[in-house]
Trainee: 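Structure incoming, see below.
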Amino acid sequence: MEKHWLIKSEPDVYSIEDLEADGETEWWGIRNYQARNFMRDEMSIGNPVLFYHSNTDILGVYGLAEVSAEARPDSKQFEEGHRYHDPKSDPDAPTWWCVHIRHVQTFDEPVTREAMKEEPGLADMLVLKPGSRLSITPVTKREHETVMTMARQ
DNA sequence: GCCAACGTTGGC
DNA sequence: GCCAACGTTGGC
């Protein structure tokens with residue numbers, strides 16, 4: 001049973017354009033256990049990933065990516081001086097794990113948060129819940145397809 | 001810029 | 001193990 005996901009990113013930090021330019025990237029820097037568990041335990045190669053821009057003027061899903069590598073230890077947790085260095089993480093049992101994602105498609109127009117909120121089929125979508133801060137959330141197949149349909153219009 | 005929601009830390 | 005304090009996220 002294929003799983004679907006939504007990943008949030010602040011475009012000032014890493015945008016869909018950055019992902020398109022890179023082609024593929026390690027999704028390092030996730031320091032939340034729930035999000036880590038999704039990556040480490042549940043995401044597998046080929047899973048579709050909606051790429052969402054947060055903390056910007058037009059919020060919404062800007063494109064489609066997919067998981068391109070299963071979770072490995074986050075490379076930044078052992079880098080001295082790095083913002084995401086974690087001195088408590090043991091190299092023999094790393095705390096932080098992350099998948100790689102690959103760019104699939106940048107939408108011509110983003111599917112905006114406003115439009116998503118008005119779509120009845122997305123009423124239960126986690127990213128739309130007030131106060132939701134989790135940067136990686138599971139998405140149902142139906143929600144995924146609804147967003148993809150909205151992107152084509 | 002504000003502030004509510006949430007996760008983490010640390011004193012007890 | 002509780003919980004207050006604190007820092008961060010992220011929509012508005």
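Chain A is the first sequence line, chain B the second, and so forth, proteins listed ahead of strands; every chain is numbered from 1.
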Trainee: First and last nucleotide of DNA chain B in contact with chain A, 5' to 3', at under 4.0 Å to a heavy atom: what are they?
Mentor: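 That gives a stretch of B:dA5 to B:dT9.
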Trainee: Using a 3.5 Å distance criterion without hydrogens, assess whether the side chain of A:S9 forms a donor-acceptor pair with backbone atoms of A:Y14.
Mentor: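 Yes, the answer is positive, given that a donor and an acceptor are paired below the 3.5 Å cut-off.
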Trainee: Quick one: label A:K129 by what it contacts on the DNA or RNA (base, sugar-phosphate, nothing), any heavy atom closer than 4.0 Å.
Mentor: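 Since no nucleic acid heavy atom lies under 4.0 Å of A:K129, the category is nothing.
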Trainee: Do you know which of A:W27, A:Y33, A:W28, A:Y84 makes ring pair (Phe, Tyr, Trp, His ring centres under 6.0 Å) with A:W96?
Mentor: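 The passing option is A:Y33.
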Trainee: Please answer whether the main-chain N or O of A:R72 pairs with a side-chain N or O of A:R40 as donor and acceptor at a distance below 3.5 Å.
Mentor: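 Answer holds: no.
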Trainee: Just how far is it from atom CG of A:L134 to atom CG of A:L126, taken to the nearest 0.5 Å?
Mentor: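 Those atoms lie 8.0 Å apart.
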Trainee: Is the A:W5 to A:Y52 ring centre distance short of 6.0 Å?
Mentor: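 That pair fails the under 6.0 Å test.
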